[in-house]
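Notes for the one structure printed next.
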Amino acid sequence: MSESSNFLAEQIQADLEQGTYGGRVVTRFPPEPNGFLHIGHAKAIVVDFGLAQRFGGRCHLRFDDTNPVGEDTLYVESIQRDVRWLGYEWGEHLYYASDYFPKLFAFAERLIREGRAYVCSLSLDQIRETRGTVTEPGTPSPDRDRPVQDSLRLLREMREGKHAEGAYTVRAKIDMAHPNMKMRDPLMYRIRHAHHHRTGDSWHIYPMYDFAHGLSDAIEGITHSFCTLEFENNRALYDWFVEAIFEPPVPHQYEMARLNLSYVVLSKRKLITLVREGHVWGWDDPRMPTLAGLRRRGVPPEAVVAFVEQVGVSRADSLVDVALLDHTVRDYLNTRAPRRMGVLDPLPVTLTNIPEGEGRRIELDEWPHDIPRQGSRAVPLTRHLVIEREDFAVDPPKGFKRLTPGGRVRLRGAGLFTCEEVLTDQAGQITGLRGRLDPEGAPGPKVAGTIHWSSATAGVEARVLLVDRLFTLERPDDHPDGALAVLNPDSLVERRAVIEPALAQAPAGTRVQLERLGYFIVDEAAQSDQPPTLIRIVPLKDSWAAKASPAEPAPPPAKKDPGRKRVRKSASEALQELIEVRPEIADRLDRLEADGLSEEDAAVIGTDDGLFELYAQAVAQGADQVAVVNWIVNDLRAVTKERPLETLSLTGAALAELIALVTQGEITTAVARKVFARVIEGEGSPIQIVDRQGLRPIRDPARIEAWAAEVVQANPDKVQAYRQGRTNLRGFFVGQVMRASRGKADPAMVNRVLDRLLAG
RNA sequence: UGGGCAGUAGUUCAAUGGCAGAACACCGGUUUUUGGUACCGGGGGUUGUAGGUUCGAAUCCUACCUGCCCAGCCA
């Protein structure tokens, strides 16, 4: 990925700076070979390979083939093709999770020997029942304490195929009451008498994802393991297995939001349905969001990569507008697809001043004036032409710049055509136009429009496929009747077009712009003995269509389930229950409220032994109660979220000392925060730290004045804006002065000085 | 509902306690032998809500609201 800032790149950067992995960056792309890759996978590929590339690391391609059913070498080939198509190379780092089966088996034996795993004989249903629910703990398996030797023996028997599917599983012994359901003795192995596409019939047990994945990462020396948000809960397990077997530094998992695209479905199941029910030709149908489909449609891989890079990476669920993909495709193709002409909906035109059978070849540039590339092709100009039916209007709307009866228009590269006669049939349908072609600059009205055309006699018939979105709803899955209910009936429209001869001879895979129509690719199905097929990759932007036809009505709002009712224990109820168990808490609360704390603050401090003790100590040293509470509630708790209080070097005395420093004006609040951060790391008492670091505030009016004057002088435009009312620039000025003083200036004084200087 | 995660412009993302920005989308204009491209400009924001800490909060703390994930022997 290029230089975009995102939390994954920052993580790698931080690990590089801290030397976590000795400067190594190794990522992996781990598809399961049981389906085709789609544009959602493209995001993963660009992140996995791109980030490794950007930081001078490498990315492994590893097939996560831990479940033989549905997996096939067909998919491993198509996946490799797709990754290469996007422009990424894994070199010698092609791996299969199945290559690690022997190692994983040994790991399982080790965990059993260490009493951290066991063979369980519960049935599928029993396992489900004993797992509990999200609100109730599970119950331990009766086999949880099966003797190690028994488990070991059973494990070997399972491997050798001596037991039926479902008879036994291997489970990690973690915690059946864990609030994270993934940690309730998860399965490591299940029995499957199935043929594996690589290991054949040599195994009768296959490892589960959670057991295999992190350990496979660790085996390969992966440093950063990126996956999607739905694996967040699995991270605890990932760490459990990896840390049980490997010594640090171990790989870490980071989750990002998966890619969602408007008017598209990306779930494997729904894509299969589209194929199986015949809504599309197959996996490479140009309407499909599969990489095979995008390739067939002609979308350049570079545009897909650019698209993913522009979407960015974050942890927020989101829905990306397909218009962004269209944009990156056009942006890439504009300077790379030579121009050609073709008419999709032909209307015959006779040039009355060119004799029958007489024609000439005109040489037209392949590139418009603003693209600095050379090249031209010959285009036949004959008496009989075709133009686009919609480029002629008997009754033109306002602003119409094309042909009208008696009107004049430029035929691209050929001259100025004047429509002198409109031919119609019995039904009044327009069947053709007649008129004269004049050279450029001929007398007559100036023309506003230029239209494309093709020779009716020397042009070549072609089959053209116009591809549109597959669904009519932005979020097809949100439709109450399912995505199939909003299939777009016009997602694929076939036209008989007339194209210029130069295009008819282009080899399959050639991408061109048909002027005014869009970018097209010569389809691979094109054969010499039949009309060639062109697929439209993407239409040109059309600012006229938007103006000519009214905006489409907003899609119907997605139906939502009525909100579940929240039944939550109120804070005070919970507090009451706690007091019943621990009556001393009531006394504490009384004392705290007597000290003048709010009920909320009192509850926070009174219910936590450590915090209460800290508070009591600090107050005993004479510190102001409110200040103590603010430090504990606002600053300390930010830290104790991550690290327990006991691990911090913070005493009530130190806190009191810090507060005294602030109230006596020895240090500023901002500095006090820095000091606080050092105190909890055990770097000494506040006074020691302040003295050692020279953190006392600068109150010398002359120095502050000098800094302030400098800032004011350096930003005359901002000073003016401030004086004109943009008072939110105050933060900017204060910030600049604070920065100049490296955070040591007394902000109150800075504000006073600035007040004077900015008053004008 | 127990746990986890997330809310910044119409959309996708930046801003790492100090001026709320970019791209796409939308709307104008200039250029143009593509109603394309390029260039210029514009509208758009109570940073989910309410409190608190701070000289100063999108950013730190709290509560609430909304959405997503977890009860496969799938990955």
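Predicted model only: the values in this text are computed from it and were never measured. Lettering follows sequence order; numbering is per chain, from 1.
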Summary of salt bridge (Lys or Arg N to Asp or Glu O under 4.0 Å) pairs that have at least one residue in residues 32-41 of chain A, sequence neighbours excluded: none
Ring pair (Phe, Tyr, Trp, His ring centres under 6.0 Å) involving A:Tyr254 - partner list, sequence neighbours excluded: A:His224
Give each protein N/O atom lying under 3.5 Å from an N/O atom of nucleotides 20-23 of chain B, with the pair distance.
| residue | atom | partner | partner atom | Å |
| --- | --- | --- | --- | --- |
| B:rA20 | OP1 | A:Asn728 | ND2 | 2.1 |
| B:rA23 | O2' | A:Gln310 | OE1 | 3.4 |

A:Tyr209 stacking on B:rA75: centroids under 5.5 Å, ring planes under 30°? no
Testing B:rG36, B:rG4, B:rA75 for proximity to the side chain of A:Met208, the answer is B:rA75
Side chain to side chain donor-acceptor pair (under 3.5 Å) with A:His213: which residues, sequence neighbours excluded? A:Arg28, A:Asp64
Closest to the A:Asn67 side chain, choosing from B:rC69, B:rC74, B:rC24: B:rC74
Write down the distance between CD (A:Glu232) and P (B:rC70), rounded to a whole number of angstrom. 11 Å
Could you run down nucleotides 54-60 of chain B 5' to 3' and tag each one B, S or - for protein heavy-atom contact under 4.0 Å? SB----S
Between atom CH2 in A:Trp367 and atom P in B:rG36, what is the gap in whole Å? 19 Å
From C-beta outward on A:Phe732, which listed nucleotide comes closest to its side chain: B:rC19, B:rU34, B:rG35? B:rC19
With no hydrogens and no angle check, is any side-chain donor or acceptor of A:Arg536 less than 3.5 Å from a backbone partner on A:Leu517? yes
With a 4.0 Å cut-off on heavy atoms, is A:Phe63 in touch with a base, just the backbone sugar-phosphate, or nothing at all? nothing
Please state whether the base of B:rC19 and the side chain of A:Lys718 form at least one donor-acceptor pair under 3.5 Å? yes
Need one value for A:Leu187: base, sugar-phosphate or nothing, where a base atom within 4.0 Å counts as base even if backbone is also close, heavy atoms only. base
Return the set of residues passing ring pair (Phe, Tyr, Trp, His ring centres under 6.0 Å) with A:His204 (not counting sequence neighbours), or none when no residue passes. A:His193
Would the A:Tyr189 and A:Tyr206 ring centres measure less than 6.0 Å apart? no
Going by atom types alone, do A:Glu255 and A:Gln253 pair a side-chain donor with an acceptor below 3.5 Å? yes
Taking the same atom, P, in B:rG7 and in B:rU49, what whole-Å distance lies between them? 14 Å
Answer with base, sugar-phosphate or nothing: what part of the nucleic acid does A:Arg315 contact at a heavy-atom distance below 4.0 Å? sugar-phosphate
For A:Ile79 and B:rA75, what is the distance between atoms CD1 and P respectively, to the nearest whole Å? 14 Å
Beyond-backbone contact of A:Phe417 with A:Arg408, side-chain heavy atoms, under 4.5 angstrom: no
Using the closest heavy atom to pick a nucleotide of RNA chain B for each, name whichever of A:Glu230 or A:Arg190 lands nearer the 5' end. A:Glu230
Given a 3.5 Å cut-off on both pairing distances, which stems involving RNA chain B, each at least three consecutive Watson-Crick or G-U pairs, are present, if any? B:2-7 with B:65-70, B:10-13 with B:21-24, B:26-30 with B:38-42, B:48-52 with B:60-64
Does the B:rG35 base have a donor-acceptor partner in the side chain of A:Arg402 within less than 3.5 Å? yes
Checking one value: the base orientation of B:rG72, syn if chi is within 90 degrees of 0, otherwise anti. syn
Under a 3.5 Å cutoff, is there a donor and acceptor pairing between the side chains of A:Ser598 and A:Glu600? no
Which parts of nucleotides 37-49 of chain B does protein reach within less than 4.0 Å, heavy atoms only, written one letter per nucleotide 5' to 3' as B for base, S for sugar-phosphate only and - for none? B------------
Provide the full list of salt bridge (Lys or Arg N to Asp or Glu O under 4.0 Å) pairs with a residue in residues 323-338 of chain A, sequence neighbours left out, each pair given once. none
Ring pair (Phe, Tyr, Trp, His ring centres under 6.0 Å) against A:Tyr96, all qualifying residues, sequence neighbours excluded: A:Phe63
Any base atoms under 4.0 Å from A:Gln736, or only sugar-phosphate, or nothing? Heavy atoms, all strands. nothing
Per atom distances to the A:Ser543 side chain, the nearest of B:rC73, B:rC5, B:rG36 is B:rG36
Any protein N or O atoms within reach of nucleotides 9-11 of chain B? Criterion: under 3.5 Å, listing atom names and distances.
| residue | atom | partner | partner atom | Å |
| --- | --- | --- | --- | --- |
| B:rU11 | O3' | A:Leu319 | O | 3.3 |
| B:rU11 | O2' | A:Leu319 | O | 3.1 |

Consider only side-chain N and O atoms of A:Tyr209 and A:Asn234, and report whether a donor and an acceptor are under 3.5 Å apart. no
Judged by atom type as modelled, is there a donor-acceptor pair below 3.5 Å linking the side chain of A:Asn6 to the main-chain atoms of A:Ala9? yes
Checking all strands, does A:Val69 fall into the base, sugar-phosphate, or nothing category for heavy-atom contacts under 4.0 angstrom? nothing
Rounded off to whole Å, could you give me the CG-to-P distance for the A:Asn180 and B:rC5 pair? 11 Å
For residues 627-640 of chain A, which residue pairs qualify under side chain to side chain donor-acceptor pair (under 3.5 Å), counting only residues two or more places apart or in two chains? A:Asp635-A:Arg673
Using a heavy-atom cut-off of 4.0 Å across all strands, would you classify A:Gly138 as base, sugar-phosphate, or nothing? nothing
Given B:rU12, B:rG35, B:rC73, identify the nucleotide with an atom nearest to the side chain of A:Ile127. B:rC73
